[in-house]
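So you know, we letter chains A, B, ... as the sequences are listed, proteins then strands, and number each from 1. Because only heavy atoms are used, hydrogens play no part in the values below, and waters and symmetry mates are left out as well, while side chains stay in.
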Number of protein chains: 2
Amino acid sequence: MDEYINIFKALSDATRLKIVWLLTNIDEKICVSEIVEVLDEYQYNVSRHLKILKKAKLVEEIKEGKWVFYYLTPINSEFRQLIQETIKTIPESQMNKEIHKCKILLAERPK
Amino acid sequence: MDEYINIFKALSDATRLKIVWLLTNIDEKICVSEIVEVLDEYQYNVSRHLKILKKAKLVEEIKEGKWVFYYLTPINSEFRQLIQETIKTIPESQMNKEIHKCKILLAERPK
DNA sequence: TCAACATATGCGTTTTTGCGCATATGAAAA
DNA sequence: TTTTCATATGCGCAAAAACGCATATGTTGA
């Protein structure tokens, strides 16, 4: 039961829900400083929220040089699958500012 | 956004998740004292948790004499629909004790 | 090797949440 | 109309969560 509760708990904070929403909708890895910019939140808070999402097994990380990129943990259960579908139903209109900033950021990424 | 967060928050407590799980799986109205017995939790806590579920619009109540029966709020959004499907994926094995007690209780109900 | 950058974390404080106890409210039964 | 039963809630406390600040860690580039 704790496993399910941890997931709901992880999603019951605005910053964390926004992070998961972004990851769900952009379908890209994204690094901490990008999240900081998109969500306009302190770096130390973003790091801490990511740690909570990681503990709930919603995200994983991969280090690339100075950066740490986060992405959605590959789906591994029906529960998790439905959690993702649930999040997909949250409309963009709830995230106008953030999605706009995010698109600009991703476009500016050097290849 | 708050609306979504309130729902996730409502589900991120063991007692409340169990209540919603029961309501989802038995497909019946159930009154406070029945929940108290099934979950083996204090009456005042059950009442309080129900209040939180009500605030999140996951449940509604109907008064019948001395009793107050609670039931799932009829589905009114895609988000809510998927929340319910998500909860359905939580297996009975997580709720052995409770579902057993509940079945006995429902069977003993006077018609 | 040292400065600059990206990320994580320890510590103390504030806010939120959950709980126990007592009691209030409201309906039904005696 | 008084008692009993079912439910709700006010209050105080304890535990948990979130935050701000400072700083640690780790990597890259000068």
Side-chain angles (χ1 to χ4, degrees), chain A residues 1-20 22-23 28-56 58-71 105-106 108-110, chain B residues 1-20 22-23 28-56 58-71 105-106 108-110:
Chain A
M1 202 57 137
D2 283 1
E3 186 194 337
Y4 305 106
I5 289 172
N6 268 338
I7 289 181
F8 286 127
K9 207 173 282 185
L11 297 172
S12 61
D13 168 275
T15 303
R16 292 194 296 267
L17 184 54
K18 285 178 184 175
I19 292 173
V20 176
L22 279 175
L23 289 173
E28 293 247 23
K29 292 174 178 45
I30 186 169
C31 75
V32 179
S33 47
E34 288 172 329
I35 300 174
V36 167
E37 187 166 345
V38 169
L39 298 189
D40 196 24
E41 180 56 81
Y42 291 112
Q43 176 269 318
Y44 50 78
N45 283 333
V46 170
S47 280
R48 282 201 278 232
H49 283 305
L50 285 166
K51 191 176 185 177
I52 291 170
L53 291 173
K54 217 166 50 178
K55 199 178 138 224
L58 287 168
V59 305
E60 294 178 353
E61 58 175 58
I62 180 170
K63 300 185 194 203
E64 290 187 13
K66 291 196 281 192
W67 296 276
V68 181
F69 285 81
Y70 284 84
Y71 56 95
L105 249 183
L106 292 179
E108 280 170 354
R109 267 189 187 170
Chain B
M1 203 57 137
D2 282 1
E3 185 193 338
Y4 305 107
I5 289 172
N6 269 338
I7 290 181
F8 286 126
K9 207 173 281 185
L11 296 172
S12 60
D13 168 273
T15 303
R16 292 194 296 266
L17 184 54
K18 285 178 184 175
I19 291 172
V20 176
L22 279 175
L23 289 173
E28 293 246 23
K29 292 176 176 48
I30 185 169
C31 75
V32 179
S33 48
E34 288 171 330
I35 300 175
V36 166
E37 186 166 346
V38 168
L39 299 189
D40 197 24
E41 180 56 80
Y42 291 112
Q43 176 268 318
Y44 51 79
N45 283 334
V46 170
S47 279
R48 283 201 277 233
H49 284 304
L50 285 166
K51 190 177 185 174
I52 291 169
L53 292 172
K54 216 166 50 177
K55 199 177 139 226
L58 287 168
V59 306
E60 294 178 353
E61 58 175 58
I62 181 169
K63 301 185 192 204
E64 291 187 14
K66 289 196 284 192
W67 295 276
V68 181
F69 285 81
Y70 284 85
Y71 57 96
L105 249 185
L106 292 180
E108 281 170 352
R109 266 188 188 171

Can you find a side chain N or O atom of A:Lys66 that sits less than 4.0 Å from OP1 or OP2 on C:dT7?
-> no

Expressed in angstrom and rounded to an integer, what is the separation of A:Glu64 atom CD from D:dT27 atom C1'?
-> 13 Å

Could you tell me whether B:Glu60 and B:Lys54 make a salt bridge, using a distance below 4.0 angstrom between a side-chain N and a carboxylate O?
-> no

Contact class for A:Phe69 vs. all strands (heavy atom < 4.0 Å): base, sugar-phosphate, or nothing?
-> nothing

Calculate, to the nearest 0.5 Å, the distance between atoms OH and CD1 belonging to A:Tyr70 and A:Ile35 respectively.
-> 8.0 Å

A:Tyr44 OH - C:dC11 P separation (whole Å) = 17 Å

Report which part of the nucleic acid B:Ser33 touches: base, sugar-phosphate, or nothing (heavy-atom distance under 4.0 Å, all strands).
-> sugar-phosphate

So, is A:His49 close to the D:dC19 phosphate, meaning a side-chain N or O under 4.0 Å from OP1 or OP2?
-> yes

Which part of the nucleic acid does A:Lys63 contact within heavy-atom distance under 4.0 Å: base, sugar-phosphate only, or nothing?
-> nothing

Counting distance only, does the side-chain N/O of B:Arg16 pair as donor-acceptor with the main-chain N or O of B:Leu11 below 3.5 Å?
-> no

Nearest-nucleotide check on DNA chain D, B:Glu61 vs A:Glu41; residue mapping nearer the 5' end is B:Glu61

Residue B:Lys51, side-chain heavy atoms: nucleotide from C:dG18, D:dT9, C:dT17 that is nearest = D:dT9

Would you mind reading off the distance between A:Ile52 atom CD1 and D:dA17 atom P, rounded to a whole angstrom?
-> 8 Å

Closer than 4.0 Å, any side-chain N/O of A:Tyr70 to the OP1 or OP2 of C:dA8?
-> yes

Take atom CD1 of A:Ile5 and atom C1' of D:dA16, then tell me their distance rounded to the nearest Å.
-> 14 Å

Separation of atom CG in A:Asn45 from atom C1' in C:dC11, rounded to whole Å = 15 Å

Looking just at side-chain N and O atoms, do B:Glu37 and B:Ser33 make a donor-acceptor pair shorter than 3.5 Å?
-> no

Closest to the side chain of A:Val68, out of C:dG20, C:dT7, D:dA18, is C:dT7

Answer with yes or no whether B:Gln43 presents, from its side chain, a donor or acceptor under 3.5 Å of a partner atom in the base of D:dA8.
-> yes

In whole angstroms, the gap separating P of D:dA16 from NZ of A:Lys55 amounts to 11 Å

Rounded interatomic separation in angstrom, taking CH2 from A:Trp67 and P from C:dA8 = 14 Å

Base C:dG10 to side chain A:Arg48, donor-acceptor N/O within 3.5 Å cut-off | yes

Polar side-chain atom of A:Glu108 near backbone of A:Leu105 as donor-acceptor pair, under 3.5 Å | no

Could you state the atom-to-atom distance from CG of A:Leu105 to P of C:dA6 in whole Å?
-> 12 Å

